[in-house]
Amino acid sequence: MDSVARPFDPRLLRQVPSTRRDVVLLGVLGSAVAIAVVTAASALARALAAAVELRLDPPAITVFLLALTARAALTSGLGVVAARMAATVKASLRADLLGAVGRRGPGWLAGQRAGELATLTGRGLDALDGYFTGYLPQLVLGVTVPVGVLATLIFADLASAVIVLVTLPLIPIFGILVGWQTRVATERQWRRLRLLGGHFLDMLSGLPTLKAFGRARAQVAAVREMADRHREATMRTLRIAFLSALVLELVGTISVALVAVPVGLRLLGGGMTLAAAFTVLLLTPEAYAPLRAAGTKFHASMEGLTALDQAFTLLAAADGTISGGTRTAPRGGGVIELRGVTVAYERTTALHGVDLTVRPGDRIALVGPSGGGKSTLLNLLLGFTAPTAGRVLVDGADLAELDLDDWRRQLGWVPQRAHLFADTLAANIALGTPDASRERITQAARAAALGPVVDALPQGLDTVLGERGHGLSSGERQRLALARAFLRDAPLLLLDEPTARLDAASEQAVVSSTLSLVEGRTALLVAHRPALLTAATRTVRVDHGTLHELVTA
Amino acid sequence: MKGWRDGVMGRVLVFAYPLRWRFVGAGLLAAGTEAAGLGLMAAATWLLATAAGQPPLIALSVAIVLVRALAIGRGVLRYVERLASHDAVLRMVTEVRARIFAALVDRPPARRADALSRMVSDVDAVQDLVIRVLLPMAAAGLVAVAAVGTALFADPAVAGVLLAGLLITGVALPLLAARLARHGSARLAPLRAAYAVDTVDLVHGAADLAAFGARPAYEARGRAHADELARVERALARRSFAVDAAATALGGVTAMAVLATALSRGLPGVWLAVLAVATIAAGELALSLLAAARKGAEIQGSLHRVAELLDVPETAVADGLPVPDGSVHLRLRGAGVRYRTDAAPALHDVDLDLPPGRRIAVVGPSGAGKSTLLALLTGAISPDSGSATSLPVATAPSRVGVTAPPGAGTPITAFDRERWPAAVTGLLADAHLFHASVRDNLLLARPGATDEDLLAACRTAGLGDWVDAHGLDVRVGEDGAELSGGQRQRLALARAVLADPQVLLLDEPTEGLDPAQADAVLADVLAHRAGRSVVLVTHRLTGLDAFDEVVVLDGGRVKERGTQGWVRAHGG
């Protein structure tokens, strides 16, 4: 958490090299803005001094307007560069994050990480906009403009320059001090605040339950009361949190007073020109403005920095690849051997030094309790999981040295729960074979008992599935996965409980099409139902990470 | 009668009306803050310009005090204003939350989790509307009026020039900025949505893509969307920053025009400088309006959704009929439910007879209409065809299979919605555990229950050992996140057992328990319900021997039904 609270994350320059150029560009534009600010203020001071003497000073006015326009244009340029940076960084991090999934394979994406990654890649990174377009330009100007202002003030009025030089650091110092104080106070309140703030969501989510017990109306008062307690707790926190804004504001305005009053007195004594006095007055607030703006926007940009930190942490965790070697896989599904294979995860060991030989034409049923290691066995062959010890050999070649994409072309996989892609049903079936003809897709769908499902959908095979599209029931998903495998027409099949969680009618359909699918192919088949076991030529019991071949009667 | 209350903003802002004096106060404080800032620069300019004429020191003393007072005053005013406005708006949000909750009580359920969290952030948009849109606009407007008014005292022509400049920078440009922002989000929203779908496919479909070698195609699609998104974002940023630049430059032009006009009208020299500096300060204030206008455009969608939610008359449902005290006899006759007109009915022509004491198991695949059937019995929905009624128990035949005359019952939805659960409730599909203690979660079902009752219910649901070890005061986390899946399910079941209604509904009560435990828990619950009605919805076919009737639903229709022993006969 503390590593996040830095104004700029240097990992950005490493991860997205194109930002280096933009950072330089920001510096150049920031310096140009400082020059424009100083020029505009001096010219305006001259024009005002002339006006006090009832003279119009057209050159000074022209320079002021030109410098002001230049300042406006340059500041906008700064914003545009920052926005471009934001867009580039987001696009690049998105590609990197999703690329990491491809590199590390699906095994890396266990459980929570998948959800975290999906959220981060989507909405999470959009929070970077606030950081890049709101905070970063002000941070750059917070360096360049005070330097320009001070350089000018030293020549215009040394005493004022000293006042600005002394008070300017108060902004970051107070910002940090008050920020600290606020953090200590806020953290004390944070848990409580979050509990109260989450209450509304909790109540909304539980509304059906409240209704089920006839308690919904009674809770309206509770919602109001909790929201009111949330307000009180929030206000207690804000009373302290707004102090930091107060201090930043006061440093800026009081220094204007600190500068203006002595300058006025010196004018009175005739020790200074009016133009110089106006220059000091107009420039002093400019020195504080960017730092103040950065200070107020820092909080809002924290979310973006947190997202950035999360992205870098994930990318660091994703370093390295496991996606095998480059050797072409043997054709036609050779002999597969597991030799002393152990697979250990962080907390558990899924397989303990197991041996297994699968010959072409074998149809092996894997049985045993859940958590016994059956899915790990399939993941090994899919190349989703690498053995911690031991080797997986395909016709004598180590799977780790094979080109995994090439190897997987020999596999047909029927997972427990196939993902529905946001595409047509036809495209979902033809996932591994995008150029399959319509006829073959229809055939595969029929072979997988998906025919009635297709007929019931509004646009048949062209119905869009997935997010925002049509959903399918578990049984229909299973049949879709089978249709994929039919179309894939691969020599080795890996089936992970194709009939789990199905009702009797769907099970019947899935069993019979599974039987016709495995006919004449090599298959590993995780199964519970007796109906599927009839298709197997061998049965292997997987329990506590060990394998036992069952002798069929 | 169409007034301001009919607009989206009006429907939200009616909640500000009872707090109007707080908001007026906050607005005045905000205006005071801005006026102090403008006054500080104007007074300092006056001080310098006057001092240059080398008058006696006494002539400057008021200005010196004023400069110091305004310097401190601005910061202090800002602090007080922010506290006042936040307090007022949080009070308003409290009311909005309560009203939305009350409105949702009377609406049909079925909402997804992301829709709920969106609703919560939509309500936060009300806060933004006041603090970041309306208050800055009010403050800038008041200061602009004061500035133009002051200039009017000096000279009408100068005031005219100032007004024209402020109208361009403070009204026209913010309107343009809002338009651009609206246009921008309209272009970005579909792109962001498309990209979000790509992300879900690439992340959650990673295994399928890898196994079928389809990853490159989907990655390319995602990259194309991300690049398009970046391109549009850059283009929008260019336009929006161009508006900012125009506002800054126009502020300077206005100041110089004011200066030249004032000079030609023969105003005193000191006032020329003061007017020019004050105009620049006012122009900077107009810049803050650009941000307010953009924010306003950004939260339009949220405000629309909030207004829609609030669009329910306050007392929508009249009190229903009193719920019978004793046993109830429920009946569905040809009941059909259709959620969407373009889809197949969720339930079609379903008959169900549930006299007191009867136990019915409803089985079928997911999506078969099982939960819809339960929703008819709880009265959460009413049938679109056929009827769902409660028959008077005295006249209802006690023997199974003999039907009472049609139309003899009272529609379930006619009963008092808050009291009907005393007769019919249970563990329903979307059972939620509240972020509170085990005790509070249980007491929901029966507010007056003693600890003995709670422990007994827990024991029936197989949670006895756990509760003995952890006590009733342990908090369960957000939707039971601190519990294991099995504990969570048992706690929800214990709550249903504790409610002890005349008819107990159980929707997949043993989901997440392993088969042996599931059968044991179900048997315990049924034993506890001896002699009273139970409707069990399940996809498992074991443990159904204790039921009087098994109804098989498929695609919303009753496919088969049988009495005791049906399962055995069908080789479950």
Side-chain angles (χ1 to χ4, degrees), chain A residues 48 51-52 54 61 68-69 72-73 76 79-80 83-84 87 91 94 98 101-102 106 109 114 117-118 121-122 200-202 204-206 208-209 212-214 216 220 223-224 227-228 231 242 246 249-250 253-254 257 260-261 264 267-268 274 277 281 405 413 419 421-422 431-432 467 473 503, chain B residues 44 47-49 51-52 64 67-68 71 74-75 78-79 82 90 94 97-98 101-102 105 109 116 120 196-197 199-203 205-208 210-215 226 230 233-234 237-238 241 245 248-249 252 256 269 272-273 365-367 418 421 425 428 430 432 434-435 444-445:
Chain A
L48 291 177
V52 171
L54 297 176
I61 291 178
L68 186 70
T69 310
S76 292
V80 170
R84 191 179 69 192
R94 281 172 173 159
L98 294 177
V101 181
L109 271 180
L117 190 66
T121 317
F200 186 46
L201 180 58
D202 195 28
L204 286 180
S205 316
T209 300
F213 293 111
V220 175
V223 165
R224 183 177 284 122
D228 215 47
R231 175 185 63 83
F242 287 160
L246 170 68
E249 191 103 19
L250 280 180
T253 50
I254 289 180
V261 173
L267 273 175
L268 205 59
L274 185 54
L281 175 66
D405 282 330
W413 180 46
H419 179 77
F421 291 91
L431 187 66
E467 289 274 303
S473 73
D503 58 279
Chain B
L47 175 68
L48 297 192
I64 289 174
V67 164
R68 287 178 178 156
R74 181 184 151 91
R78 164 74 77 219
Y79 181 72
R82 288 179 85 183
L90 286 172
T94 297
R97 284 186 172 188
F101 186 80
V105 168
L116 286 179
V120 172
V197 171
T199 312
V200 169
D201 278 351
L202 279 166
V203 173
D208 305 59
F212 288 90
R215 186 160 188 92
E233 279 172 341
R234 284 196 292 264
R238 272 198 297 278
F241 281 111
T248 306
M256 291 303 102
L272 296 181
S366 54
E418 290 277 293
T425 189
L428 301 176
D430 33 21
H432 179 82
F434 291 89
H435 192 178
L444 197 66

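Letters A, B, ... mirror the listed sequences (proteins, then strands); counts begin at 1.
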Discussion item. Determine whether a donor-acceptor pair (N or O, by modelled atom type, separation under 3.5 Å) exists between the side chain of A:T209 and the backbone of B:H432.
Written reply: yes

Discussion item. To check you understand the geometry: which heavy-atom pair defines the closest contact between A:A83 and B:F241, and what is its length?
Written reply: CB-CE1, 4.5 Å

Worksheet item: Which heavy-atom pair separates B:A249 from A:T69 by the least distance, and what is that distance?
Response: CB-OG1, 4.1 Å

Worksheet, complete the sentence: The side chain to side chain contact (heavy atoms under 4.5 Å, CB included) partners of A:A73 (sequence neighbours excluded) come to none

Worksheet item: Of the backbone (N, CA, C, O) and the side chain (C-beta and beyond), which part of B:L428 lies under 4.5 Å from a heavy atom of chain A, both, or neither?
Response: side chain

Item to complete: Using non-hydrogen atoms and a 4.5 Å limit, figure out which bit of B:L47 sits close to chain A: side chain, backbone, both or neither.
Response: side chain

Discussion item. Minimum heavy-atom separation for A:A87 and B:R234, please, with both atom names.
Written reply: CB-CG, 3.9 Å

Practice prompt. Name the option with the most non-hydrogen atom pairs under 4.5 Å to chain B; the candidates are A:R94, A:R84, A:R231, A:E249.
Written response: A:R231

Discussion item. Taking side chain as everything from C-beta outward and backbone as N, CA, C, O, which of these in B:R68 sits under 4.5 Å from a heavy atom of chain A? Side chain, backbone, both or neither.
Written reply: both

Discussion item. Report which part of A:V80 has an atom under 4.5 Å of a heavy atom belonging to chain B: side chain, backbone, both, or neither.
Written reply: both

Worksheet entry | Partner chain A: residue of B:V67, B:I64, B:L48 with the largest heavy-atom pair count (under 4.5 Å) | B:L48

Practice prompt. Without swapping roles, check the side chain of A:D202 against the backbone of B:F434 for a donor-acceptor pair under 3.5 Å.
Written response: no

Worksheet item: Donor-acceptor pair, B:T94 side chain versus A:R224 backbone, under 3.5 Å?
Response: no

Item to complete: Applying side-chain contact (heavy atoms from CB on, under 4.5 Å), run through A:V52 and B:L272 and close with a yes or a no.
Response: CA-CA 7 Å; A:V52 171; B:L272 296 181; over 6 Å; no

Fill in: Among the listed options A:I254, A:I61, A:D228, A:L281, the residue most often paired with chain B at heavy-atom distances under 4.5 Å
A:L281

Item to complete: For residues B:A245 and A:A72, report the shortest heavy-atom separation together with the two atoms involved.
Response: O-CB, 3.4 Å

Worksheet item: Which value, rounded to the nearest 0.5 Å, describes the distance between B:D208 atom CG and A:W413 atom CH2?
Response: 5.0 Å

Worksheet entry | Closest contact, heavy atoms only, A:A422 versus B:V197 | CB-CG1, 3.1 Å

Discussion item. If you count heavy-atom pairs within less than 4.5 Å of chain A, which of B:R82, B:R238, B:E233 leads?
Written reply: B:R82

Worksheet item: Closest approach of A:G214 and B:P421, non-hydrogen atoms and distance?
Response: N-CG, 3.4 Å

Worksheet item: Which residue out of A:L246, A:D405, A:L250 racks up the most heavy-atom pairs below 4.5 Å with chain B?
Response: A:L246

